[in-house]
Amino acid sequence: EKGGYDHFMLKEIFEQSSSIHDTIRGRVSTKNNEVFLGGINDVIPKLVNARRILIIGCGTSWHAGMVGEYLFEEFARIPVEVEYASEFRYRNPVIFKDDIVLAISQSGETADTLAAIKLAKEAGATVLGICNVVGSSIPRETHAGVYTHAGPEIGVASTKAFTAQVTVLTMMAMVVGYRKGTLPKEEYHKLIQEFGKLPAKIKKILEKDAEIKELSKQYVDSTNALYLGRGYLFPVALEGALKLKEISYIHAEGYPAAEMKHGPIALIDEQMPVFVAATKDKSYEKIVSNIQEVKARKGHVIAIVTEGDSVISKMADYVIEIPETQEALAPLLTVIPFQLISYYIAVLRGCNVDQPRNLAKSVTVE
Ligand code: M6R
């Protein structure tokens, strides 16, 4: 059932070149330059006119929600708030009748997310879901939604569900932005065309598996790690850190790279691996200086860079090159080396990666 892989997690990481295809199948047409999301088609006008969107989720789903925030702001110019479901539900939150609440959950059974949905419904908001498990509780509670179609995810550490969630959020933001007129036609078409190329690009990253396994050996005995990214790649840094924590039990933190100087920089010494998502985008120059700051304090830099990058490769201890893509789609590629690094470090430490201690696949208690 593990299809020849040692663990479900590895199998699920490798499935991403096809699972992403399953997520966009019948929704993104590169032939007609169209995105169609049947599950929410009727509420698109509501989304186009939305005053704000509240995104709720936990763990990895919350990280996907953060990518969603950047996407909806950029493409559709809609203010977005991303909330941990567990905080939202106990806070007497302000919910307007014309709010769109977007709940994200792989399992569709997370107790806190479910409770937050009920609260939002009572307040009269329109509640949409992005879930993976068909027929689970959350899709039954929401007014409309989009399934991620990533296929069953068994490993406790979420991998292919994350890329599927981000894919759905991207498609949603594109449709809404295009209808609203805030995402220009040429941009919309470019994104659609790029979507068609993602499965092959993911495959190319997965071919680096042996190289990533090799470099992971260096960090088996680390006790701490830092993950940095900016813009769309900040949530990826958070997700990278969560992956390492939950399966290898190494303490890790994700930070927006520019925030490092406001505290975490004090932690950096020769013992500290710093994983940086540093692909070419509009904050590239800035992330290069952040890497310099880490190197000046003798930190170990492992950077995910765009193929052919000749600047960071001279500064970092290791670089992992990944294919170029559009800035908004970069989380879908950059997260994959982070997943593999965590996996290999955890395996080398002898951890039970599919069922880490103290964790359950779906958290059905509050
Ligand atoms: O099923 P859900 O997406 O609602 O689960 C939310 C979190 O419990 C989940 O993402 C958790 O953080 C994972 N173990 C992360 O890998």
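Counting starts at 1 for both ligands and their atoms, following the listed order. Because only heavy atoms are used, hydrogens play no part in the values below, and waters and symmetry mates are left out as well, while side chains stay in. All values derive from a computational prediction rather than experimental measurement.
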Return yes when atom NZ of Lys280 has more than 12 non-hydrogen atoms of other residues, nucleotides or ligands closer than 6.0 Å, and no otherwise.
yes

In terms of heavy-atom contacts, does NZ of Lys286 have more than 12 from other residues, nucleotides or ligands at under 6.0 Å?
no

For the backbone of Ser137 and the side chain of Glu109, can you confirm whether one donor and one acceptor N or O come within less than 3.5 Å of each other?
yes

Hey, does the side chain of Arg51 reach the backbone of Asp99 with a donor-acceptor pair shorter than 3.5 angstrom?
no

Sort and list the pairs that fulfil salt bridge (charged side-chain N to carboxylate O under 4.0 Å, His left out) and have at least one residue in residues 342-360, not counting sequence neighbours.
none

Lys243 vs Glu239, salt bridge (Lys or Arg N to Asp or Glu O under 4.0 Å): CA-CA, chis, key distance, verdict
CA-CA 6 Å; Lys243 288 295 83 103; Glu239 176 61 6; 2.6 Å; yes

Which of the numbered atoms in ligand 1 are below 4.0 angstrom from a heavy atom of [X]?
X	answer
Thr110	1 (O), 2 (P), 4 (O), 5 (O)
Ala157	16 (O)
Gln106	1 (O), 2 (P), 3 (O), 4 (O)
Ser105	1 (O), 2 (P), 3 (O), 4 (O)

Work out which heavy atom in Gly240 is nearest to a heavy atom in Ser342; give both atom names and the distance.
O-OG, 3.9 Å

Where's the contact between Thr60 and ligand 1, heavy-atom distance under 4.0 Å: side chain, backbone, both or neither?
both

Identify, for [atom], the protein heavy atom at the shortest distance, and state residue, atom and that distance.
atom	value
atom 7 (C) of ligand 1	Cys58 O, 3.6 Å
atom 12 (O) of ligand 1	Gly59 CA, 3.3 Å
atom 8 (O) of ligand 1	Val363 CG2, 4.0 Å
atom 1 (O) of ligand 1	Ser107 OG, 2.7 Å
atom 16 (O) of ligand 1	Glu246 OE2, 2.4 Å

Give yes if a backbone or side-chain nitrogen or oxygen of [X] is under 3.5 Å from a nitrogen or oxygen of ligand 1, and no if not.
X	result
Lys243	yes
Ser61	yes
Ser362	no
Val156	yes

Sorted by chain and residue number, the salt bridge (Lys or Arg N to Asp or Glu O under 4.0 Å) partners of Glu253 (sequence neighbours excluded) come out as none

Flag for Asn33-Tyr188: side-chain donor and acceptor within less than 3.5 Å:
no

